[in-house]
J.: 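Take this structure first; my questions come after.
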Amino acid sequence: MLKAVKVRIYPTAAQKAHLAQAFGCVRWVWNQSLATMTATYLETGKGVTAMTMKKSIPLWKAEFEWLSECYSQCLQQSVLNLGVAFGNFFDGRAMYPTFKNRQEKQSIQYPQNVKVLNNCQIKFPGKLGTVKAKVHRDIQGTVKTVTLSKNPDSRYFASMLVDDGMECPESSSKGNVIGIDLGLTDFAVTSVGSKYQHPRATKKHERNLARKQKKLSRKKDKTTNNRRKAKLAVAKVHSKIKRVREDFLHKLSRKIVDENQVIVVENLAVRNMVKNHCLAKAISDAGWEMFCTMLKYKAEMVGKVYLELGRFFASTHLCFHTLKPLPKMDLSVREFDCPHCKERHDRDINAAKNIRNEGLRVLALGTSVIAPEGYVRPKQYGRKSTTVAAVVVERRSPHSTRSG
């Protein structure tokens with residue numbers, strides 16, 4: 001089974017200079033390959049494979065000697081990653097690949113020959129050598145691909161893909177089943193009545209972020225060190241917000257996976273929801289998709305079931321007792337009296353219970369009460385739902401007298 005372990009590394013000044021040059025070489029190969037593949041398709045109508053582009057690397061090295069300073073397999077891996085990006089584009093999972101620039105997050109990949117010497121040292125092939133690191137957990141298995149990255153806040157990380165040699169456990173649905181309703185007032189509400197508040201890191205640090213951004217906007221000359229310092233200060237605030245959000249999502253997802261066997265959530269159309277400019281900031285800060293991704297891989301690693309329902313399932317507009325539709329309610333209504341069962345329900349808990357019951361129905365019957373997403377609106381981008389789409393067969397009424 002493949003696992004990823006991300007550790008922080010602390011390169012020396014000489015190693016930072018080498019990494020800066022390696023980042024530039026890999027970025028140049030990516031951009032050059034992308035430009036060549038795009039131009040070839042526009043001229044001939046035929047694409048160029050990644051394996052064909054790999055054969056151009058020796059020619060580029062002969063023309064540009066500084067490319068030889070970078071480890072050769074890192075350059076080859078950059079071209080292969082571009083091929084994967086094109087595959088994702090043609091499969092509808094991503095947009096067309098774009099050019100990279102030095103202002104964004106930088107990364108290179110070592111496909112092999114990386115060794116973890118101990119808890120504080122990692123040896124990389126090529127001229128980089130041994131780098132100081134903080135390996136916070138034991139690496140059990142064979143180290144495969146290692147991605148070395150530099151964040152905009154000048155922090156370096158190494159993400160190691162490790163094969164532990166064990167088979168992935170078979171998933172079992174025998175155990176506790178929980179439904180989760182994601183929202184903004186409460187980040188997550190479970191079918192057992194638990195509510196979890198979001199730390200709202202963006203709102204907490206927005207004054208500090210606005211102050212740093214205002215200082216950056218006053219630095220007009222982009223070549224000065226003062227502007228670089230101001231830009232680094234802004235990046236550090238964004239990094240702090242990101243770390244607070246990820247820490248909350250990791251802890252909550254681990255707690256839910258440890259306590260339950262089947263986890264049922266909704267497949268939310270976040271791309272469409274952020275078009276509401278009144279809620280776009282809060283939705284983006286919540287990190288719903290990241291949370292669902294964490295739930296999915298953590299559940300699969302321990303043999304538990306993660307299930308996504310279609311986004312058109314009306315979890316909020318059904319009474320979980322009677323499954324009858326409820327009258328339309330404004331978002332400000334958090335509790336309501338059901339006209340069918342005559343009981344008072346919490347809006348979010350009622351939705352979470354509906355999600356749980358629908359998940360049980362999907363596990364038992366293999367289908368949902370709603371129409372499949374593919375027949376209602378095609379899903380162009382984003383993660384694919386784990387729910388098996390039902391096949392709708394339209395037949396005539398048995399009482400119809402029409403022939404054929």
Side-chain angles (χ1 to χ4, degrees), residues 1-11 15 18-19 22-23 25-27 29-30 33 49-51 53-55 57 69-89 91 93-94 97 100 105-151 155-171 246 250 253-254 257 290 293-304 306 383-384:
M1 184 169 56
L2 297 176
K3 296 182 180 180
V5 180
K6 187 176 182 180
V7 300
R8 188 173 178 185
I9 60 175
Y10 303 88
Q15 290 173 337
H18 174 75
L19 284 175
F23 290 145
C25 294
V26 171
R27 185 175 61 248
V29 169
W30 170 285
S33 302
T49 64
M51 299 304 296
M53 291 304 306
K54 279 181 61 175
K55 299 177 182 179
I57 295 179
E69 297 295 327
C70 181
Y71 188 56
S72 60
Q73 291 189 3
C74 295
L75 302 179
Q76 297 171 7
Q77 194 66 28
S78 176
V79 179
L80 296 178
N81 290 341
L82 180 59
V84 174
F86 271 107
N88 292 334
F89 166 71
D91 290 343
R93 292 191 298 268
K100 296 184 177 181
K105 178 180 177 180
Q106 307 296 314
S107 65
I108 56 176
Q109 277 191 348
Y110 292 87
Q112 57 184 357
N113 300 328
V114 178
K115 299 180 180 179
V116 180
L117 302 181
N118 47 52
N119 292 337
C120 57
Q121 285 183 325
I122 301 177
K123 185 178 181 181
F124 293 88
K127 298 181 180 181
L128 183 59
T130 303
V131 181
K132 182 181 177 182
K134 187 175 182 181
V135 184
H136 56 280
R137 63 181 61 184
D138 295 335
I139 306 298
Q140 299 178 354
T142 305
V143 178
K144 299 291 187 178
T145 302
V146 177
T147 303
L148 200 156
S149 60
K150 177 188 177 184
N151 289 347
R155 293 155 60 98
Y156 293 82
F157 294 91
S159 181
M160 296 178 287
L161 184 65
V162 182
D163 186 2
D164 58 5
M166 300 175 60
E167 295 293 334
C168 186
E170 295 183 1
S171 59
E246 289 182 348
H250 272 298
S253 59
R254 173 51 59 193
V257 171
M290 182 185 299
T293 302
M294 293 179 180
L295 285 176
K296 182 178 180 181
Y297 80 77
K298 291 179 181 179
E300 291 176 349
M301 287 176 59
V302 292
K304 299 186 177 182
Y306 170 82
R383 292 179 295 108
K384 295 183 178 180

J.: Between Met53 and Leu82, does a side-chain contact (heavy atoms from CB on, under 4.5 Å) hold up when you go through it step by step?
T.: CA-CA 10 Å; Met53 291 304 306; Leu82 180 59; over 6 Å; no
J.: Supply the atom-to-atom distance Met1 CE to Met301 CE, rounded to the nearest 0.5 angstrom.
T.: 5.0 Å
J.: Looking only at non-hydrogen atoms, find the nearest pair between Ile9 and Ala133 and report the distance.
T.: CG2-CB, 3.8 Å
J.: Roughly how far, to the nearest 0.5 Å, is CE of Met160 from CG of Leu148?
T.: 10.5 Å
J.: Just how far is it from atom NZ of Lys132 to atom CZ of Arg8, taken to the nearest 0.5 Å?
T.: 10.5 Å
J.: Please round to the nearest 0.5 Å and tell me the distance separating atom OG of Ser107 and atom CZ of Arg27.
T.: 10.5 Å
J.: Looking at OG1 of Thr293 and OH of Tyr306, how far apart are the two atoms once the value is rounded to the nearest 0.5 Å?
T.: 7.0 Å
J.: For a side-chain contact (heavy atoms from CB on, under 4.5 Å) check, start with the C-alpha distance between His136 and Val7, then their side-chain angles and the critical distance, and finish with the verdict.
T.: CA-CA 7 Å; His136 56 280; Val7 300; 3.8 Å; yes
J.: To the nearest 0.5 angstrom, please state how far the CD1 atom of Ile57 sits from the SG atom of Cys70.
T.: 9.5 Å
J.: Specify the closest pair of heavy atoms between Arg93 and Gly87, including all atoms of both residues, with the distance to one decimal.
T.: NH2-O, 4.4 Å
J.: Give a yes or no answer on whether the side chain of Gln15 reaches the backbone of Thr130 with a donor-acceptor pair at less than 3.5 Å.
T.: yes
J.: For Leu117, does its backbone N or O pair with a side-chain atom of Lys123 as donor and acceptor, under 3.5 Å?
T.: no
J.: Measure across Ser149 and Lys105 and return the closest heavy-atom pair with its distance rounded to 0.1 Å.
T.: CB-CE, 3.7 Å
J.: Backbone N or O of Met166 within a donor-acceptor pair of the Asp164 side chain at under 3.5 Å?
T.: yes
J.: Between Val26 and Ser78, what is the shortest heavy-atom contact and its length?
T.: O-OG, 3.3 Å
J.: Heavy atoms only: give me the nearest Pro125-Val114 pair and the separation to one decimal.
T.: CD-CG2, 3.9 Å
J.: Check whether more than 12 heavy atoms from other residues, nucleotides or ligands sit under 6.0 Å from atom NZ of Lys298, and answer yes or no.
T.: yes
J.: Is there a donor-acceptor contact under 3.5 Å from the side chain of Lys100 to the main chain of Gln106?
T.: no
J.: In terms of relative ring orientation, are Phe124 and Tyr110 parallel, tilted or perpendicular, with 30° and 60° separating the classes?
T.: tilted
J.: Compare every heavy atom of Ala50 with every heavy atom of Gly83, then report the nearest pair and how far apart it is.
T.: CA-CB, 4.1 Å
J.: Between Asn81 and Trp30, does a side-chain contact (heavy atoms from CB on, under 4.5 Å) hold up when you go through it step by step?
T.: CA-CA 9 Å; Asn81 290 341; Trp30 170 285; 4.2 Å; yes
J.: Any cation-pi pair here, Lys6 with Phe157, using under 6.0 Å and within 45°?
T.: yes
J.: Is any side-chain heavy atom of Pro169 less than 4.5 Å from a side-chain heavy atom of Val302?
T.: no
J.: Should Val5 and Val135 be marked as a side-chain contact (heavy atoms from CB on, under 4.5 Å) after you check the CA-CA gap, both sets of side-chain angles, and the distance that decides it?
T.: CA-CA 9 Å; Val5 180; Val135 184; 5.7 Å; no
